[in-house]
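In this text the structure is predicted, and so the values were computed from the model without any measurement. Quick note: numbers below take in every heavy atom, side chains included, and nothing from hydrogens, waters or symmetry partners.
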Amino acid sequence: MQGRTLTGLLALVLVLLSVCSLFVGVIDITPASLLSGDLEQIEIFLISRLPRLLAIFCTGIGMSVAGLIMQQLCMNKFVSPTTGATISSAQFGILLALLFMPNSTLWGRALFAFSTAILGTWIFVWFIQRIQFKDVVMVPLVGIMFGNVIGGVTNYLAYKYEMTQALSSWLVGHFSLVLRGRYEIVYLVVPLVILAFVFANHFNIVGMGQDFSKNLGVPYNLVLFAGLTIVAMITASVVVVVGSISYIGLIVPNIVAMFKGDKIRGTLVDTALFGAIFVLVCDMIGRIAIYPYELPIELIVGILGSILFVGLLLYRLKHGRKAISTKEVLDFFKGKASKNTAKHTTERGERG
């Protein structure tokens with residue numbers, strides 16, 4: 001019941017924030033004007049605001065689920081599409097598309113991004129499987145170093161062939177260019193997330209090791225590479241449309257795991273909902289922080305993600321892998337409320 005309460009609460013918060021997001025922007029749009037049939041505002045709503053909201057949903061849900069799958073398969077809470085070189089590989093694929101197929105469509109660039117993201121993620125896992133001492137920090141460090149190598153090659157080719165300006169749109173994530181007709185690739189996230197839910201138990205088993213998987217009759221290599229392919233395709237879909245957004249796949253699964261544990265099927269829905277909420281909140285902050293101008297969401301996610309990550313590390317150092325129950329959170333706020341009530345009562349008594 002506590003798990004369902006948390007899921008319902010996240011869903012309710014997401015709905016409320018989504019309604020608010022539709023009416024936040026440079027151009028004022030009100031529900032009354034939409035209901036009255038104002039054609040100009042309806043057009044802006046359908047071409048810009050609604051596609052942007054759908055892209056935010058797909059980005060938050062997709063990147064969060066991708067991070068959860070990677071952490072489960074690698075059995076490491078610090079692995080994500082950012083620290084696993086998946087995002088860097090997708091950016092490299094986009095650059096190759098711009099170099100060899102300059103007139104390619106968005107789908108053409110997506111195919112290059114899919115291929116390089118899958119290959120880069122597979123190579124990363126191949127590397128960590130050959131590390132004898134798999135320290136918690138060593139695995140993401142290998143991914144960061146491998147991603148920096150790919151990023152260095154990408155930047156070198158971009159400078160050499162004067163493609164830095166063309167590539168810059170995919171180096172920093174933002175939703176300002178999301179319009180109807182050029183964002184639909186991100187819808188690929190939906191069937192991929194459904195596949196992740198269907199094979200969630202298999203990912204749990206594979207995360208326990210090759211010998212354990214074979215004893216239960218689960219094909220280790222097949223499930224491992226299927227999971228990594230899902231992660232790579234989700235990440236590439238987001239990078240092609242929105243650009244690079246860090247921290248989502250790292251922070252969101254860890255925060256949800258603090259409340260729901262590490263079982264992927266039990267946390268998948270909450271991870272998806274909280275990921276969408278996190279991206280939506282960051283996008284709204286970016287739109288109103290220096291209104292009427294807009295900050296890239298990568299900047300807001302980087303700031304909030306860093307703060308949350310430091311808090312997460314401090315919690316892990318103090319409590320380890322212990323999960324927080326919903327009852328503890330409610331008791332905490334009830335205790336605060338009781339203290340405040342007692343304080344105000346005492347103050348009134350002293351004044352009297």
Donor + acceptor pair across side chains of [X], [Y] (<3.5 Å):
X: E298; Y: S246; result: yes
X: S306; Y: Y247; result: yes
X: T154; Y: Q91; result: no

Heavy atoms, side chains only, cut-off 4.5 Å: are [X] and [Y] in contact?
X: V79; Y: F124; value: yes
X: I94; Y: F112; value: no
X: N76; Y: Q71; value: no
X: M70; Y: S80; value: no
X: L250; Y: T82; value: no
X: I251; Y: V301; value: no
X: F309; Y: F78; value: yes

Would you compute the distance between atom [atom1] of [X] and atom [atom2] of [Y] and round it to the nearest 0.5 angstrom?
X: L224; Y: L73; atom1: CG; atom2: CG; answer: 5.5 Å
X: S237; Y: I185; atom1: OG; atom2: CD1; answer: 7.5 Å
X: L95; Y: F100; atom1: CG; atom2: CZ; answer: 9.0 Å
X: M208; Y: N215; atom1: CE; atom2: CG; answer: 12.5 Å
X: F278; Y: L304; atom1: CZ; atom2: CG; answer: 5.5 Å
X: S18; Y: I277; atom1: OG; atom2: CD1; answer: 8.5 Å

Is [Y] reachable from [X] through a run of hydrophobic residues whose side-chain heavy atoms are each under 4.5 Å from the next?
X: I285; Y: L14; result: yes
X: M145; Y: V149; result: no
X: V15; Y: L53; result: no
X: I290; Y: M284; result: yes
X: L17; Y: L54; result: yes

Would you mind listing every side chain to side chain donor-acceptor pair (under 3.5 Å) that reaches into [range], with sequence neighbours excluded?
range: residues 118-128; value: T86-T121
range: residues 47-56; value: R52-D283, R52-E294
range: residues 204-213; value: Q72-N204

Over 12 foreign heavy atoms within 6.0 Å of OH, Y187: yes
Y291, OH atom: more than 12 neighbouring heavy atoms under 6.0 Å: yes
Side chain to side chain contact (heavy atoms under 4.5 Å, CB included) evaluation trace for M63 with I245: CA-CA 9 Å; M63 296 300 292; I245 303 180; 5.8 Å; no
With distance as the sole test, does [X] use its side chain to make a donor-acceptor pair with the main-chain N or O of [Y] at under 3.5 Å?
X: N254; Y: K77; value: yes
X: T59; Y: V242; value: no
X: S104; Y: M101; value: yes
X: R109; Y: L98; value: no
X: T116; Y: F92; value: no
X: R287; Y: L295; value: no

Over all heavy atoms of both residues, which pair between [X] and [Y] is shortest? Give the atoms and the distance, please.
X: V231; Y: P81; value: CG1-CG, 4.3 Å
X: T235; Y: A66; value: OG1-CB, 4.4 Å
X: I128; Y: C74; value: CD1-SG, 3.8 Å
X: C20; Y: V24; value: O-CG2, 3.1 Å
X: I61; Y: A272; value: CG1-O, 3.4 Å
X: S89; Y: A117; value: CB-CA, 3.7 Å

Pairs where residues 83-95 contributes a residue and the test salt bridge (Lys or Arg N to Asp or Glu O under 4.0 Å) is met, not counting sequence neighbours: none
Working for side chain to side chain contact (heavy atoms under 4.5 Å, CB included), residues V218 and V206: CA-CA 8 Å; V218 176; V206 167; 4.1 Å; yes
Ring pair (Phe, Tyr, Trp, His ring centres under 6.0 Å) contacts in which one or both residues fall within residues 17-58, not counting sequence neighbours: none
Qualifying ring pair (Phe, Tyr, Trp, His ring centres under 6.0 Å) pairs, either residue in residues 189-212, two or more places apart: F199-H202
